[in-house]
Number of protein chains: 2
Amino acid sequence: MVQIPNTPTSADVARLAGVSRATVSYVLNNTSAVRISEPTRRRVHEAARELGYVPHAAARSLRAGHSRMVLMPAPAIPVGPLYSGFLNELQWALGRLDYTVVQYGTVGLQGDEAARAWAELRPVAVLVPGAELGTQGVRVLKRSGARAVVTLGPERVDGAHALLMDHAAVGQCAGAHLHGRGRRRIGVVVPEESGLEAYSRPRLTGVRQALHGTDAAVTELPLAYTEESAARLAAKWRELALDAVFAYNDEYAMLLMRALQDEGLRIPEDVAVIGADDLMLGRLLRPRLSTVHVELPSGRDLAELVDRAVRDPGGEPEVHRVLGASVVRREST
Amino acid sequence: MVQIPNTPTSADVARLAGVSRATVSYVLNNTSAVRISEPTRRRVHEAARELGYVPHAAARSLRAGHSRMVLMPAPAIPVGPLYSGFLNELQWALGRLDYTVVQYGTVGLQGDEAARAWAELRPVAVLVPGAELGTQGVRVLKRSGARAVVTLGPERVDGAHALLMDHAAVGQCAGAHLHGRGRRRIGVVVPEESGLEAYSRPRLTGVRQALHGTDAAVTELPLAYTEESAARLAAKWRELALDAVFAYNDEYAMLLMRALQDEGLRIPEDVAVIGADDLMLGRLLRPRLSTVHVELPSGRDLAELVDRAVRDPGGEPEVHRVLGASVVRREST
DNA sequence: TTGAAAGCGGTACCAG
DNA sequence: CTGGTACCGCTTTCAA
């Protein structure tokens, strides 16, 4: 008995239960404005179960004129435990507020292209990490019904709420710390991997800011995440004559530290090394790695901001500085 | 001049262009079955641009009866560079085939609940990593129109295509390698962090399988990803009298190796240590960490499987073993 | 308490 | 070449 498994609709449920589609809708949504007799309810639920009925989200939100979907572009780069944890908390918190979080796989779409693609889904809110979104993009999203657009990035965008995560603060911490430890010739690792510029540029800038007006000099150090690249950099270290380095993050720091040690350089005596992100990793190195601890916003807070914005779409865009940075000094500086 | 930014529809475009909605649809979709005069096309495009018109995906797929959405549950645990890379490749490849990948934030939904939630979106295909999906769930998804359901996990599920990623193979590799190096009292780290059981259990099982029938003994070692936990384990190492350990993955391996070294144990003389996943990390340790290199399926291949399955939904479910595991011996074993 | 019917935004058939 | 129109699945008045 092979049935063609045609997707059951509410009409099928209605037919099987011997009621109208309206009644089905009332029962399955527990509509309070209307009283349905207990026997009817039972029949409807029974029929729905039997058919394996699942409502059609698109049809529903088409009719309703809005959805509860919060859209985020899926990050294209491997993402650390920090951001992962933040994302989980956010999803959980938004889930509690009855939103559905969807990460949209935006590959190769540029700026406004991407915004348009997102807009086709008519999300009620859009959260955009990084700087992928311009004023134009915000406009597109809003025009297509997004009641809240929130950017998580270095600078605010007109018309959107902003969680300002200024990674310059990370660099500032690191720069000030190194200077305070008496270092004056300071290298800053800039990863060659693409997609990281959004973080690496501001971190570099931050170091420059912290050292501006002092007698310290900053040297930019391009570095790919490979042993060869690190070895190359280490090999010319003595001629660079740097006495400290801010290595972008703990992983690059470990890579470079290893290479420097293999070159016979002592840490921290010859070179002070500091990373960022405060990964477990750094505590396990010898010497223990100093790092800049980065505090992301709480997912719960962001969820509440989203909810607030959705409920009051006319409100002034909120702008929060949310990136806490503080040095954790260990043994490498 | 504050306009109420009512989302423009194709009717608005039609009105502005002075044509019918049908014509708008034809023009914007480049419908080949129908010829529209060049001036008309221009007027339509012009109007669409001016209004900032973005089509409504839900309405479109409602009418069409299907979407091009490939849905994946968003992973709840921090995910390494391996899986990240795989995901990117997959998104890219599916994008080329004109599918849209969406990661659905499934928090706290259990089994069939989750499947039903996914089904509401009427995705054309669903890719499920891990073992979160049962036969029932597959049925729900298929009944609601999913033309392909693919599981990426330890075992196949009835009715779904399967990319069998049997992490037991990872454990087998490690176990056989350690045994081959003459080790007989072998510890296996089992992370205490929840969400990792899906990988850690099979990896442990694999070691047991590799050592079954030999004179080697396997000891299960619960370990949390903290320095304290590692120190506790290392402190009682001598009484455990193990001469080798498979540390679940490279990160746990580093954590444990550090603790063992701090206890004065020599690696590999006193204890052989092997990790898994072949992270850059391991190459930077001293001694260099031996590891099990894990080969995930290619995102392109999976994309093609999905496409094939979507085009021929009646076809027999394909089952592929796709997890390659091979030992990379370095200095720690 | 229940049913009939309109309509959300698009698409595609059929007429003109 | 273009317009009218039915319909996808669901919700929600409005009547009965």
Side-chain angles (χ1 to χ4, degrees), chain A residues 6-44 47-48 51-69 116 119-124 143-145, chain B residues 6-45 47-48 51-69 119-124 143-145:
Chain A
N6 243 337
T7 308
T9 72
S10 75
D12 297 320
V13 176
R15 209 168 305 128
L16 182 56
V19 298
S20 74
R21 283 156 69 222
T23 305
V24 170
S25 176
Y26 291 143
V27 171
L28 295 183
N29 295 308
N30 264 316
T31 307
S32 51
V34 108
R35 300 257 75 90
I36 304 283
S37 70
E38 201 45 52
T40 304
R41 305 181 81 84
R42 204 193 308 290
R43 289 217 314 287
V44 170
L51 292 175
Y53 169 71
V54 176
H56 192 308
R60 175 179 294 180
S61 66
L62 179 58
R63 169 65 225 226
H66 59 87
S67 73
R68 298 284 291 176
M69 181 195 300
R116 217 183 314 280
E120 292 193 2
L121 295 189
R122 298 291 193 273
V124 68
R143 267 197 85 74
S144 56
Chain B
N6 244 337
T7 309
T9 72
S10 76
D12 297 320
V13 177
R15 208 169 305 129
L16 182 56
V19 298
S20 74
R21 293 188 316 144
T23 304
V24 171
S25 176
Y26 292 142
V27 170
L28 296 184
N29 295 308
N30 265 316
T31 307
S32 52
V34 111
R35 303 253 75 92
I36 304 284
S37 71
E38 203 45 53
T40 304
R41 304 182 80 86
R42 204 194 308 290
R43 290 216 314 286
V44 169
H45 276 123
L51 293 175
Y53 170 72
V54 176
H56 192 309
R60 174 180 295 178
S61 67
L62 178 58
R63 171 64 226 226
H66 61 260
S67 72
R68 300 283 292 175
M69 180 195 301
E120 291 192 2
L121 295 188
R122 297 291 192 273
V124 69
R143 270 199 81 78
S144 57

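Since we're looking at a predicted model, the values are computed, not measured. Throughout, a chain's letter reflects where its sequence line sits, starting with A, and its residues are numbered from 1.
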Taking only distance into account, with no hydrogens and no angle test, what donor-acceptor pairs under 3.5 Å do side-chain atoms of residues 11-20 of chain A form with protein atoms, sequence neighbours excluded?
| residue | atom | partner | partner atom | Å |
| --- | --- | --- | --- | --- |
| A/D12 | OD1 | A/R15 | NH1 | 3.1 |
| A/D12 | OD2 | A/T9 | N | 2.8 |
| A/S20 | OG | A/A22 | N | 3.4 |
| A/S20 | OG | A/T23 | N | 3.3 |
| A/S20 | OG | A/T23 | OG1 | 3.2 |

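Every residue was checked against the side-chain hydrogen bond (donor to acceptor under 3.5 Å, both in side chains) condition with A/R116, not counting sequence neighbours, and none meets it. Looking at residues two or more places apart in sequence or on another chain, you find no side-chain hydrogen bond (donor to acceptor under 3.5 Å, both in side chains) involving B/S67. With sequence neighbours excluded, no residue forms a side-chain hydrogen bond (donor to acceptor under 3.5 Å, both in side chains) with A/T31. Contacts of A/L62 classified as side-chain contact (heavy atoms from CB on, under 4.5 Å), with partners at least two apart in sequence or in another chain: B/H56, B/A59, B/L62. Remark: A/S25 engages A/N29 in a side-chain hydrogen bond (donor to acceptor under 3.5 Å, both in side chains) (not counting sequence neighbours).
Between A/T40 and the phosphate of C/dT1, there is no side-chain N or O to OP1/OP2 separation shorter than 4.0 Å.
Each end of the helix from C/dT1-D/dA16 to C/dG16-D/dC1 yields a helix axis from five base pairs, and these two axes differ in direction by 50° (to the nearest 10 degrees).
Following rounding to the nearest Å, B/H66 (NE2) and C/dG10 (P) show an atom-to-atom distance of 17 Å. Rounded to an integer number of Å, the gap from B/N29 CG to C/dG9 P is 17 Å. For the pair B/L62 CG and C/dG10 P, the interatomic distance rounds to 12 Å; values are reported in whole Å. Taking atom CG on B/D12 and atom C1' on C/dG10, their separation rounds to 13 Å, with Å as the unit.
In the 5' to 3' direction, nucleotides of DNA chain D lying under 4.0 Å from heavy atoms of chain A begin and end at D/dG9 to D/dT13.
Proximity of residues 17-28 of chain A to DNA chain D (heavy atom under 4.0 angstrom from any strand atom) is restricted to A/R21, A/A22, A/S25, A/Y26. Interface residues of residues 54-61 of chain B facing DNA chain C, ordered by number: B/V54, B/P55, B/H56, B/A59, B/R60; criterion, heavy-atom separation under 4.0 Å.
We find the CD1-CZ distance between B/I36 and B/R43 to be 11.0 Å, quoted to the nearest 0.5 Å.
Sorted by first and then second residue, the salt bridge (Lys or Arg N to Asp or Glu O under 4.0 Å) pairs involving residues 30-40 of chain B (not counting sequence neighbours) form an empty list. Screening residues 56-68 of chain B for salt bridge (Lys or Arg N to Asp or Glu O under 4.0 Å) gives no qualifying pairs among residues at least two apart or on separate chains.
Counting only distance, with no hydrogens or angles, the side chain of B/R143 and the backbone of A/L51 share a donor-acceptor pair below 3.5 Å.
Heavy-atom distances to DNA chain D give each of B/R41 and B/A64 a nearest nucleotide, and the one nearer the 5′ end belongs to B/R41.
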